[in-house]
Amino acid sequence: MIPGRFERKLIATYLLLVAGIAIAVGLAVLTSPDAVLIERLKESWLMLVIGGLLALASAVVLGFLFTRQVTQPIFEMTTIARRMAEGDFSCKMSAPSSDEIGQLGRALNLMAMRMEDRLAELEEERAKKAAILDSMVEGVLAVDEMNRILFINTGACRLFNVLSVETEGKPFLEVIRNKEMLDLLNHTLREGVFARQELQIFTPVQRVLQVHASPLKGRERAPGAMLVLHDVTELRRLETIRTEFVANVSHELRTPLTSVRGYLETLLEGALEDREHARPFLEVIHKHTERLGRLLDDLLDLSNLELGKVALHRQPTVLAEVMHNVMAIYGPQATRQEIELLAELPHDLPRVLADRDRIAQVLINLLDNGFKFTPKGGTVRVSASLTHPTPDTLHPAVAFVEVAVQDTGIGIPSQDLPRITERFYRVDRARSREMGGTGLGLAIVKHLVKAHGGELSIESQLNQGTTVRFTLPIAAADPEAS
């Protein structure tokens, strides 16, 4: 072990002391004439040298021991401090003494313990905040002053179809290629103020986003900005549907009312006395008032269905009886239009848990559409079959009966199929209105089937025909259900 500064000073002091005494004794021996005195001085000098060397050795040993006692704890504390600076707070100083160095060691141990607890609290708080941000439906994204992504939560990753581990630290435009959003970020970073904008993105899917940008406050200036992204696509779609609904209702009411008012004005101006023309006028008025009545009845039914105000009287029902009764209603119409009306029902079809009148209403709506849009010589077919549940259905433990109404009519264009069950949506508005349709039939069918716990699906090919399928749960008490 290399001697310390204190040891070196101690050794030098002893050497100087011994050297001084030796020199003094040597001078005394050289200058003294007495032989006896010289001999005694020599003995004293020798003893002094030996004693000095022994004292020097003792001082060196004691110095090493004292220095080791002082420097060893300091070296240990230096090591602990260096490991603490590297983030390791698990190391502690072992058995500190009761002196000032021991007090310093205990203080260092206490500081390490408190810093370890504080860091654990901060890590727990960070994990909580990350979990909260990841559970948010809204997307949250933070960037620094250079537009590099600092944080992106699960909601934002879902909106832009990216992975958070692949985006952090990358430039914003490299991850999200949207110039409007980048301009909003730059405005917030430059001005340091809150900003809001509604914009569209087209990848991975088309969405409407409401973007809120706010600066991340620092001591002197904004070190970054944060974006909160609200997906308002469905809200804007519903607003559009509501606007279209109001416009459609106004149009559907205005058309027959205009006709009724026109014919009434003609009758009041004198045509009422003309028996030959008065009756046709009154028949037209009667036709339009009936159409208005059907429209209002359908609107009321649809509103009650959507609000859940319709009470279904569900009971085990023989579906074949309901289907035969409805088909009997359309038998004469099928003969007049020269359309073949067919039924394909298995004899062992189980009973369904349904409201008999409401299921009849569903079938009447579907058959009515089939006859409206099937030309002379076509076919309208009604069939039913038992379907077994699959794991991806809404009720995987319940079996269903599937009813299909198929026609060989004009069909529905593929682009119109997603919206065909919307209120007042028509593929051929003029033809549907001319045939007396209200544009609410399929919307009512969809809600009635859903109220029964079933599902509705529509398949169609232009100029080849349409097939509408819906499912009904079988009655649990039915032997076939078990």
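A side-chain donor-acceptor contact under 3.5 Å links T289 to the backbone of H286. Checked by atom type and distance alone, the side chain of T466 never pairs as donor or acceptor with a backbone atom of E459 at under 3.5 Å. Listed for the N178 side chain is no donor-acceptor partner under 3.5 Å among the backbone atoms of L173. Checking side-chain atoms of T335 against main-chain N and O of Q333 turns up no donor-acceptor pair under 3.5 Å. Side chain of T233 to main chain of V208: a donor-acceptor pair is present (N/O by atom type, distance under 3.5 Å, no hydrogens or angles). In terms of modelled atom types and a separation under 3.5 Å, the side chain of D407 and the main chain of T374 share no donor-acceptor contact.
Listed by chain and residue number, V232, E239 satisfy the side chain to side chain contact (heavy atoms under 4.5 Å, CB included) test with L235 (two or more places apart in sequence, or in another chain). Applying the side chain to side chain contact (heavy atoms under 4.5 Å, CB included) rule to R419 yields the partners E244, E422, Y425; only residues at least two apart in sequence or on another chain are considered. Here H288 pairs with nothing under the ring-ring contact (aromatic ring centres under 6.0 Å, His included) rule; sequence neighbours left out. Scanning for side-chain hydrogen bond (donor to acceptor under 3.5 Å, both in side chains) contacts around N325 gives an empty result, with sequence neighbours left out. Not counting sequence neighbours, the partners of F281 by the ring-ring contact (aromatic ring centres under 6.0 Å, His included) test are Y263.
The heavy-atom pair separating I474 from F400 by the smallest distance is CG2-C, 4.1 Å. Across all non-hydrogen atoms, the minimal contact from L229 to A156 is CD1-CB, 4.5 Å. The minimum heavy-atom distance between A399 and L386, with the atom names listed, is CB-CD1, 4.5 Å. When all heavy atoms of A195 and T188 are compared, the closest pair comes out as CB-OG1, 4.0 Å. Between T167 and I149 the shortest heavy-atom distance is O-CB, 3.7 Å. P215 and F194 get closest at one heavy-atom pair: CD-N, 4.2 Å.
Looking only at side-chain heavy atoms (C-beta outward), M181 and F172 come within less than 4.5 Å of each other. Residues L227 and L185 meet the side-chain proximity criterion, which asks for heavy atoms closer than 4.5 Å. Between L319 and M323, the closest side-chain pair of non-hydrogen atoms falls below 4.5 Å. Residues L184 and V211 are in side-chain contact: their nearest non-hydrogen atoms beyond the backbone lie under 4.5 Å apart.
Residue Q406 is tested with T379, V382, T467 for a side-chain contact (heavy atoms from CB on, under 4.5 Å); the sole match is T467. Under the side-chain contact (heavy atoms from CB on, under 4.5 Å) rule, L448 has a single partner from V362, D355, I359, which is V362.
Residues N186 and N147 bring a donor and an acceptor atom of their side chains to less than 3.5 Å of each other. R358 and Q361 share a donor-acceptor pair across their side chains, judged by distance under 3.5 Å alone.
Atoms NZ and CD1, from K446 and I458 in turn, are 9.5 Å apart once rounded to the nearest 0.5 Å. Atoms CE and CD1, from M136 and I132 in turn, are 9.5 Å apart once rounded to the nearest 0.5 Å.
Checked for salt-bridge contact, R381 and E340 miss the test: no charged N lies under 4.0 Å from a carboxylate O. Between R279 and E283, at least one side-chain nitrogen of the basic residue sits less than 4.0 Å from a carboxylate oxygen of the acidic one, meeting the salt-bridge criterion. With salt bridges taken as basic N to acidic carboxylate O contacts below 4.0 Å, none links E455 and K450.
Ring-plane geometry between H212 and H230 is classed as perpendicular, the angle between the planes exceeding 60 degrees on a 0 to 90 degree scale with a lower cut at 30.
Pairs passing the side-chain hydrogen bond (donor to acceptor under 3.5 Å, both in side chains) check and including a residue from residues 112-122, sequence neighbours excluded, read R118-E121.
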